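Please read all numbers here as calculations on a predicted model, not as lab measurements.
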Amino acid sequence: MSEIKNIPVHVSIIMDGNGRWAAERGKERVAGHFEGVESVRASVKASVEAGVKYLSLFAFSEENWNRPEAEVMTLMELMLRSMENEIDTFVEQGIRFVVLGNRARLSDKLNAMIDNSMQRTQDGQTLTVIVFLSYSGKWDILQAATRLAKQCAQDPSKLESITPETFSSLLVTADFPDPDLIIRTSGESRLSNYLLWQGAYSEFYFTPVLWPDFRRDEYFKALESYSKRDRRYGKVK
């Protein structure tokens, strides 16, 4: 840890490879999802250790609703169970928990659990854990554009003062900083419709490690890689 000088404020992870991890072991896909929960715990713990302030996790995309119904139901049940198991610990450790996404597609039971978990942890200062659930970057941009269009329809003068900051304030991530570092596991090298606006100047780290095998050491490898980057935001130093 001591040699990592430049710690990102916000680390975001595209958690990929659960199904492949299970298939390699002759298990059902859901086994990979259950094992992936341990990697979430490890990443939360490593974030606190490193001093990262925001950890966001791409848990379930809007496109994932097209997966087999049994797998979707298992993932939603796993989300419920994880909140039941972890929220007391989050409260004790001062970790804030937030869920962002198209929550209208979630069950009443899951939404009630999310609301309760967010309320109980709202004062956490150690780390904010953001779970993107039923989320896609295009959906986020579209809902923000729709809100902006309605505002401009009511007050056309607003059209003259729209800025990137104006638009950012209408995204579901408005209360949080853009990710400094986006990690994707499993060897894939794409965003998969994730944080398309917010990731405009993020640094990327792609690893072949499957998500269930992504633990503390792999997390710190990503932080070390980030610490060596020269972030210029289009400027010249």
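Using a 4.0 Å cut-off between charged nitrogen and carboxylate oxygen, D123 and R96 do not count as a salt-bridge pair.
L78 and V72 are not part of a single hydrophobic cluster, where members link through side-chain heavy atoms under 4.5 Å apart.
Rounding to the nearest 0.5 angstrom, the gap separating the CG atom in L100 from the CG atom in L133 is 10.0 Å. Atom NE2 of residue H10 and atom OG of residue S12 lie 4.5 Å apart, to the nearest 0.5 angstrom. Put simply, CZ on R41 and OG1 on T89 are 8.5 Å apart, with the number rounded to the nearest 0.5 Å. Note that the CE atom of M73 and the CE atom of M76 stand 11.0 Å from one another [nearest 0.5 Å]. Taken to the nearest 0.5 Å, the CG atom of L170 stands 12.0 Å off from the NZ atom of K150. Here the CG atom belonging to D180 is positioned 11.0 Å from the OH atom belonging to Y54, to the nearest 0.5 angstrom.
Heavy atoms only, all atoms of each residue included: E28 and A22 are closest at O-CB, 3.1 Å. In this structure, D213 and S39 approach most closely via the heavy-atom pair N-OG, 4.1 Å. Minimum interatomic distance between I162 and C152 (heavy atoms only, all atoms of both residues): CD1-SG, 4.0 Å. Nearest heavy-atom pair, V131 versus A59, reported as atom, atom and distance to 0.1 Å: CG1-CB, 3.7 Å. Taking all atoms of both residues into account, the shortest heavy-atom contact from Y219 to S47 is OH-OG, 2.6 Å. Between R103 and N111, the closest heavy-atom pair is NE-OD1, 2.7 Å.
Proximity of V172 to Q143: side-chain heavy atoms (C-beta onward) are separated by under 4.5 Å at one or more points. Annotation: side chain of L55 is in contact with side chain of S43 (closest heavy-atom distance under 4.5 Å). Side-chain contact between I114 and L106 is present, with heavy atoms from C-beta onward closer than 4.5 Å. Side-chain contact between V9 and V52 is absent, with no heavy-atom pair separated by less than 4.5 Å.
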Identify all side-chain donor-acceptor contacts of residues 203-212 below 3.5 Å with residues at least two apart in sequence or on another chain.
{"residue": "E203", "atom": "OE1", "partner": "R229", "partner atom": "NH1", "Å": "2.9"}
{"residue": "T207", "atom": "OG1", "partner": "V209", "partner atom": "N", "Å": "3.2"}
{"residue": "W211", "atom": "NE1", "partner": "G36", "partner atom": "O", "Å": "3.1"}

Report task. Could you check Y194 against S136 for side-chain contact (heavy atoms from CB on, under 4.5 Å), going step by step and ending with a plain yes or no? Result -> CA-CA 6 Å; Y194 179 59; S136 81; over 6 Å; no
Requested in this report: Decide yes or no on salt bridge (Lys or Arg N to Asp or Glu O under 4.0 Å) for E35 and R215, but give the supporting numbers first.
Outcome: CA-CA 11 Å; E35 188 64 26; R215 302 297 167 89; 3.0 Å; yes
**Report entry** Residues N116, I87; criterion side-chain contact (heavy atoms from CB on, under 4.5 Å); working and verdict
**Finding:** CA-CA 10 Å; N116 178 63; I87 291 305; 5.8 Å; no
Requested in this report: Walk me through it: do K221 and E224 pass the test salt bridge (Lys or Arg N to Asp or Glu O under 4.0 Å)?
Outcome: CA-CA 5 Å; K221 285 180 184 178; E224 184 176 3; over 6 Å; no
Report task. Go through the steps to decide whether I182 and L191 satisfy the test side-chain contact (heavy atoms from CB on, under 4.5 Å), and finish with yes or no. Result -> CA-CA 9 Å; I182 296 178; L191 269 177; 4.2 Å; yes
Report task. Given side-chain contact (heavy atoms from CB on, under 4.5 Å), test D178 with F176 step by step and report yes or no. Result -> CA-CA 7 Å; D178 292 341; F176 309 104; over 6 Å; no
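Residues satisfying the side-chain hydrogen bond (donor to acceptor under 3.5 Å, both in side chains) test with H33, not counting sequence neighbours, are N18, E71.
The backbone N or O of T126 lies less than 3.5 Å from a partner atom in the side chain of K53, making a donor-acceptor pair.
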